[in-house]
Amino acid sequence: MANDARDKIWRTVGRIPPGAVATYGQVAKESGLGRRARMVGRALRALPKGSDVPWHRVVNARGEISLPAGSDSAREQRNRLQEEGVEFRGGRIDLARFRWRPNLDELLWGPADG
DNA sequence: CTGATGACTATAG
DNA sequence: CCTATAGCCATCA
């Protein structure tokens, strides 16, 4: 169905470990969607209310929360990230330190064996 | 159908 | 740091 891309995105976001963040473009690429970064935002917006998907671990390419400043969702995202140990400096996250590296997961945990 | 919008990004100046 | 431009594409008016 037309929600294939959305499901892929949700699965990819679900793989982001606590304390790490990924960018929209990164999620798109990891999901095999190329440059459709906007689709990622669209998919996250469509998340059901009680979803387990860690949507808060997705930020824009500048390491900032891309939700409307001051919105409940933006505050929730920031709170959750800070609870996980992600640091904000001047409203930004240092992607060099907190960016999710799927490759590193494979190196440490193995490609798919779990 | 057209045109604007948006939880985006890369590049150029 | 900023703005402008171009690419991307589902969704809405």
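- Across the protein-nucleic acid pair, A:E64 atom CD and C:dC1 atom C1' stand 12 Å apart, rounded to whole Å.
- Taking both residues in full, the closest heavy atoms of A:A22 and A:I16 are given as CB-CD1, 3.6 Å, listed atom of the first, atom of the second, then distance.
- The pair A:R80-A:E76 meets the salt-bridge criterion, with a side-chain N (NZ, NE, NH1 or NH2) lying under 4.0 Å from an Asp/Glu carboxylate O.
- Pairing each heavy atom of A:G70 with each of A:A74, the nearest pair is N-CB, 4.4 Å.
- Minimum atom distance to the side chain of A:R42 is reached by C:dT11, of the listed B:dT9, C:dC1, C:dT11.
- For A:Y24 and C:dA10, the OH to C1' distance is 16 Å, given to the nearest whole Å.
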Apply the test side-chain contact (heavy atoms from CB on, under 4.5 Å) to residues A:R78 and A:F88: give CA-CA distance (whole Å), side-chain angles for both, the deciding distance (0.1 Å), then the verdict.
-> CA-CA 8 Å; A:R78 182 170 175 141; A:F88 283 77; 3.6 Å; yes
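- One atom, NZ of A:K29, and another, C1' of B:dC8, lie 15 Å apart when rounded to the nearest Å.
- Taking both residues in full, the closest heavy atoms of A:R62 and A:R92 are given as O-CD, 3.7 Å, listed atom of the first, atom of the second, then distance.
- With C:dA10, B:dT9, C:dC1 as the candidates, the nucleotide lying closest to the side chain of A:R62 is C:dC1.
- We find that CD of A:Q26 is positioned 10 Å from P of B:dT9, with the value rounded to whole Å.
- Of the candidates B:dT9, C:dC2, C:dA10, B:dT9 carries the atom nearest the A:A61 side chain, counting heavy atoms from C-beta on.
- Put simply, CG on A:D4 is 13 Å from P on C:dA10, counting in whole angstrom units.
- Counting to the nearest Å, the C1' atom of C:dA10 and the CG atom of A:L33 are 13 Å from each other.
- Closest approach to the A:R36 side chain among C:dC8, B:dG6, C:dC1 is made by C:dC8 (side chain taken as heavy atoms from C-beta onward).
- Here C:dC8 presents its C1' atom at 11 Å from CE of A:M39, a figure rounded to the nearest Å.
- Among the atoms of the strands shown, only primed sugar atoms or phosphate atoms (P, OP1, OP2) are found under 4.0 Å from some heavy atom of A:T23.
- Taking only distance into account, the side chain of A:R35 never meets the base of C:dC8 through a donor-acceptor pair shorter than 3.5 Å.
- A:N60 has its CG atom 16 Å from the P atom of B:dG6, to the nearest Å.
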